[in-house]
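What follows is a set of notes on a single structure, which appears directly below.
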Number of protein chains: 2
Amino acid sequence: MFKKERQAFILNRLDLHNKVLNTNLCQDMNVSEDTVRRDLQELADAGRLIKVHGGALSLAFSNIHAGSKAIYSQRQKAIIAQKAIGLIQKNMYVLTSGGTTILEMARHLPPHLSATFITGSIPALNAYLAHPNIDVIAVGDRVNKESKITVGAVTINKIKEVNADLCLLGVNAIDMRRGITDNDCDVVELKKAMIAASARTACLTIAGKLNSFEPLQVCELDRIDYLITELDPTDQLLQPYVKAGVTVL
Amino acid sequence: MFKKERQAFILNRLDLHNKVLNTNLCQDMNVSEDTVRRDLQELADAGRLIKVHGGALSLAFSNIHAGSKAIYSQRQKAIIAQKAIGLIQKNMYVLTSGGTTILEMARHLPPHLSATFITGSIPALNAYLAHPNIDVIAVGDRVNKESKITVGAVTINKIKEVNADLCLLGVNAIDMRRGITDNDCDVVELKKAMIAASARTACLTIAGKLNSFEPLQVCELDRIDYLITELDPTDQLLQPYVKAGVTVL
DNA sequence: CACAAACCAGCAAAAAACAGCAAAAACAAT
DNA sequence: ATTGTTTTTGCTGTTTTTTGCTGGTTTGTG
């Protein structure tokens, strides 16, 4: 078995099991532990896996691990939150999605603000409930445990009945050509309904997600009214969106 | 299980439950308490969690903690919780009210239990979401900020559509003559609907609320199937209820 | 204040990693 | 074919990590 073969074998097994044991590998490939160790070292140096004492973990594992970070890019998201809050006026009905950006916004709502927030995101609900002057409407249905938002037909129908003044959308990907895109079918349907139910729509995203896309489209760029990032509106990166008619804050 | 895996496991569980117990972890991961302690120490040093006597808390929780008041009579409520959990069987549909007793129950659900919980209580929702094998259905509507439960016609209607196996009701007052009573009009309507939608109903209450009453009636005593308090079923105080045909646990 | 639970420091055994060396294999050039 | 060079591989002895354990200390709780 050649070195390349061995390393491919290791990566393949990592794809399947998300982890490999050194002892296991050297048996299955019939080489010494040192050889396996060296292979793992090389693959780790090349950034193809994560070496740990006794074996290795797949990179996918590290992503899961990263997902459990409190809120990443919190600094940027705080800036975004402030800009978004500027759009909310007294006694508005505001429809919000889930996501950490929205959550950050929810936590920074000024105490004197009185408005009604409608959402299916449980973490957002929690934040709104902590606010002294915000009325809260929960749209209910089956709850997706991963994203902690309600999904399903009842949610969609409920949102269709709403006439909100503003929709605040945390977006995962935005792109000139493909518009707003996402990767979860339920979430896409939800966001479509939210946009349709609101007079105006603002998209909140960190600049790192600008000009990226995901497999499923939520809407074209011309359906959104505001784009909010942590960058200054005059930033080079944002000019295409300004030209396309979006109000960039 | 590698060290990294363990630590990821811990962080993940913290994300879900907001707290972990040392004893719990060392069982679930099948390592000694010292190892868990060392893992917690390392994660604490890295600022990923807050170590406390006997376990650890998530960072997110420390923020929330400010607003979350302690549960009074927690000891009694833990006993009640255990008894209530005994009623829940695999794959049941369980309808629960709000209240701290229910919340305590929600937090003590055994990890292997798989069932579907339906509720309009936001704190209960949070607890159910933290559980690995529980499906959650939120019944949505306007949220009462004080009690943190959804109230209103939509909630009632939604509950009427449900056919649950079991209804777990945290009650504020129970009395031989007046049955279950409460003081909030919305809550009374909600509880009525919940009882009607369930095959069986269990009332959870601390003994201090036995033989007390409030202005509005939820239902007569004969509508409930189980009464759960922290007392032994043979306790003097409970005998009237036993005689009235309620199964006292 | 007493008692159980949890913590800590330090130890020891086992496992894994490492550094360095030498045999074997592969390759290139004569 | 042969020689010299490089790469690969396994081995040896040593060092580091990891982990559970022991016994004493601290902490929380009734």
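In what follows, every heavy atom counts, from backbone to side chain, and hydrogens, waters and symmetry copies are set aside. Protein chains get the first letters and strands the later ones, always in sequence-line order, with residue 1 at the start of each.
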task = Show the numbers, then the answer: is there a side-chain contact (heavy atoms from CB on, under 4.5 Å) between Asn211(B) and Tyr241(B)?
result = CA-CA 10 Å; Asn211(B) 305 323; Tyr241(B) 297 93; 2.7 Å; yes
Among the nucleotides dC7(C), dT19(D), dT17(D), whichever has the atom closest to the side chain of Arg6(B) is dT19(D)
Rounded to whole Å, NZ of Lys51(A) lies from P of dT18(D) at a distance of 11 Å
Using only side-chain N and O atoms of Lys3(A), determine if any of them is under 4.0 Å from OP1 or OP2 of dT7(D).
no
Between the CG atom in Asp39(B) and the CZ atom in Arg6(B), the distance rounded to the nearest 0.5 Å is 4.0 Å
Separation of dA16(C) atom C1' from Asn24(A) atom CG, nearest Å, is 15 Å
Whole-Å distance, Leu21(B) CG to dC7(C) P, equals 10 Å
Exceeds 12 heavy-atom contacts within 6.0 angstrom, atom CZ of Arg48(A)
no
In whole angstroms, the gap separating C1' of dT19(D) from CE of Met1(B) amounts to 16 Å
With distance as the sole criterion, is a donor-acceptor pair present between the side chains of Asn91(B) and Ser114(B) under 3.5 Å? yes
- Item | Under-3.5 Å donor-acceptor pair between Arg38(B) side chain and dG20(D) base | yes
Q. Counting only side-chain N and O atoms of Asn22(A), is one of them less than 4.0 Å from OP1 or OP2 of dA15(C)?
A. no
Taken to the nearest whole Å, CZ/Arg37(A) to C1'/dT15(D) is 13 Å
CG (Leu25(B)) and CZ (Arg37(B)) are apart, to the nearest 0.5 Å, by 11.5 Å
Separation between CG (Leu40(A)) and CD1 (Ile10(A)), nearest 0.5 Å, reads 5.0 Å
Under a 4.0 Å heavy-atom cutoff, the residues of residues 27-36 of chain B touching DNA chain D are Val31(B), Ser32(B), Asp34(B), Thr35(B)
Rounded to whole Å, CZ of Phe2(B) lies from C1' of dA15(C) at a distance of 12 Å
Output for pair (Thr155(B) OG1, Glu189(B) CD), nearest 0.5 Å, gives 12.0 Å
From CD of Gln41(B) across to P of dT18(D) the rounded distance in Å is 15 Å
